[in-house]
Amino acid sequence: MTRYREATFDLFNYALLALLGFATLYPFVNLLAISLNDPLDTMRGEVYFWPNQFTWNNYQIIFQENALYMAAVRSVVRTLLGTFLSLVCTTMLAYTLSRREFILRKSINLLMIISMYVSGGIIPSYLLIKGLGLTNSFWVYIIPGLIGVFNVIIIRTAIEQLPEGLIESARLDGASDFQVLFRVVIPCSIPVLATILLFISVGHWNSWFDNYLYNTRDNLNLLQFELMKVLLQSTSQMVNNASSTGYVDSEALSNVTPEAIRATMTIVVTMPILLVYPFLQKYFIKGALIGAVKE
């Protein structure tokens, strides 16, 4: 009887996990099928797991934009540089706030938490960025997002869980705060730092709104902003065609539709993250638990 219950329980678990896995993977598989399918056939709603009429036309339309390649380079540079600088600054601040001997520790923690719930809004933020001279500059992508309060709290919590004896022994050996941070704290906090690194890099890679707000120069546009422009162009072409002729031209649909372009864009911007994620996966769960649970 016990074996029967265990087998039933295992079968239920496998079925539940398979259902959750299907629910997680199906949207991405569906988008991939739409991106590789003829746009007109996609409009009929007949694409589910695989393309019915295979074509590379959607990808050709996106990558025929010459500005897209340099925008991709700028997005990669922003992601690498912004992630590195943000992780360093966030870790240094988190280590400072984790030290009980720091006099302003409670005050700064309180101000940071308040900033998570109270925001000046878009207009004050724009005026601040403009006043700092960061508009129409590449550094507007890097400097405003150097410190994330949520990330500071996670790293600070992880550092506070480290044995105090490690830090005290390093100080007895004559180590400075920088040496303690980079030789003791950071090597012991790799899982949580890898988790925060993934959060920051995804945020930089997917960001486009700051490009829309603060930069008007085409030579500073990012990949996501250029892709958004392609999507808007395809949508406007479809609307103009329908308004001028009174119907949607099937020949125009065979070249491009907003739904097909949107699916293709999603695949293009998601693939780099999917390629990086497996290398950080082993740290992700452990790091999230370390940063979220305090003993």
Side-chain angles (χ1 to χ4, degrees), residues 27-28 31 34-35 58-87 89-90 115-151 196-240 243 256-274 276:
F28 183 78
L31 287 175
I34 291 175
S35 69
N58 298 321
Y59 290 92
Q60 291 174 354
I61 291 174
I62 285 183
F63 287 107
Q64 73 182 3
E65 298 290 335
N66 295 327
L68 207 64
Y69 297 97
M70 288 306 301
V73 173
R74 286 188 287 270
S75 290
V76 171
V77 173
R78 172 192 175 159
T79 301
L80 295 177
L81 181 61
T83 300
F84 173 75
L85 294 178
S86 180
L87 188 64
C89 295
T90 302
S115 70
M116 295 179 65
Y117 298 97
V118 180
S119 174
I122 293 179
I123 295 178
S125 298
Y126 178 82
L127 294 176
L128 175 62
I129 296 298
K130 184 178 181 180
L132 294 173
L134 293 176
T135 54
N136 293 322
S137 168
F138 181 81
W139 291 105
V140 75
Y141 302 140
I142 307 296
I143 295 178
L146 276 179
I147 302 295
V149 176
F150 178 75
N151 298 333
I196 298 302
L197 182 145
L198 182 62
F199 290 164
I200 297 174
S201 60
V202 170
H204 275 292
W205 178 254
N206 290 333
S207 180
W208 64 271
F209 194 59
D210 48 4
N211 187 174
Y212 176 76
L213 283 180
Y214 306 127
N215 272 327
T216 58
R217 294 165 54 185
D218 291 338
N219 61 346
L220 290 175
N221 287 345
L222 301 174
L223 176 63
Q224 283 71 17
F225 186 74
E226 291 292 341
L227 290 175
M228 185 194 67
K229 288 167 59 178
V230 174
L231 176 61
L232 293 177
Q233 289 173 4
S234 65
T235 304
S236 62
Q237 289 175 2
M238 181 176 175
V239 172
N240 292 336
S243 60
V256 60
T257 62
E259 184 180 3
I261 294 297
R262 188 180 299 110
T264 308
M265 287 169 47
T266 304
I267 297 299
V268 169
V269 300
T270 303
M271 288 306 298
I273 301 300
L274 292 179
V276 173

Residues which pass salt bridge (Lys or Arg N to Asp or Glu O under 4.0 Å) with R74, listed by chain and number, not counting sequence neighbours: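 For R74, no residue satisfies salt bridge (Lys or Arg N to Asp or Glu O under 4.0 Å) once neighbours in sequence are set aside.
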From [X] atom [atom1] to [Y] atom [atom2], the distance as rounded to the nearest 0.5 Å:
| X | Y | atom1 | atom2 | value |
| --- | --- | --- | --- | --- |
| N206 | S201 | CG | OG | 9.0 Å |
| I196 | T90 | CD1 | OG1 | 8.0 Å |
| L213 | I123 | CG | CD1 | 10.5 Å |
| M70 | L222 | CE | CG | 11.5 Å |
| L220 | N136 | CG | CG | 7.0 Å |
| S86 | N151 | OG | CG | 6.5 Å |

For [X] and [Y], work out which heavy atoms get closest and say how close.
| X | Y | value |
| --- | --- | --- |
| N58 | S35 | ND2-O, 2.9 Å |
| L197 | L87 | CD1-CD2, 3.9 Å |
| A260 | I34 | CA-CG2, 4.1 Å |
| S207 | R78 | OG-NH2, 3.3 Å |
| P272 | W205 | CG-CZ2, 3.5 Å |

I'd like to know if the side chain of N215 reaches the main chain of T135, judged simply by a donor and an acceptor atom lying under 3.5 Å from each other, with no hydrogens or angles considered.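 Not at all, since once roles are kept as given, no pair shorter than 3.5 Å links the two residues.
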Taking only residues two or more places apart in sequence or in another chain, which ones pass ring pair (Phe, Tyr, Trp, His ring centres under 6.0 Å) with F225?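 For F225, no residue satisfies ring pair (Phe, Tyr, Trp, His ring centres under 6.0 Å) once neighbours in sequence are set aside.
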Intermediate values then yes/no, side chain to side chain contact (heavy atoms under 4.5 Å, CB included), Y59 and V268: CA-CA 9 Å; Y59 290 92; V268 169; 4.1 Å; yes
Could you check whether atom OH of Y212 has more than 12 heavy atoms from other residues, nucleotides or ligands sitting under 6.0 Å from it?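 12 or below, so no.
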Do other residues, nucleotides or ligands put more than 12 heavy atoms under 6.0 Å from F84 CZ?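 Not more than 12 within 6.0 Å, no.
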Does one side chain, of N211 or N221, offer a donor that lies under 3.5 Å from an acceptor on the other?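 Side chains of N211 and N221: pair found under 3.5 Å.
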Can a side-chain donor-acceptor contact be found between Y141 and D210 if the only test is distance below 3.5 angstrom?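 Their side chains do not contain a donor-acceptor pair, so the 3.5 Å distance test is not met.
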Show, in sequence, the C-alpha distance, side-chain angles and deciding distance for V77 and F138, and conclude whether the side chain to side chain contact (heavy atoms under 4.5 Å, CB included) test is met. CA-CA 10 Å; V77 173; F138 181 81; 4.0 Å; yes
Does F209 form a side chain to side chain contact (heavy atoms under 4.5 Å, CB included) with I122? I'd like the steps, not just the answer. CA-CA 11 Å; F209 194 59; I122 293 179; 4.2 Å; yes
Flag side-chain contact, heavy atom, 4.5 Å: I267 against F28: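 With C-beta onward as the side chain, the pair touches.
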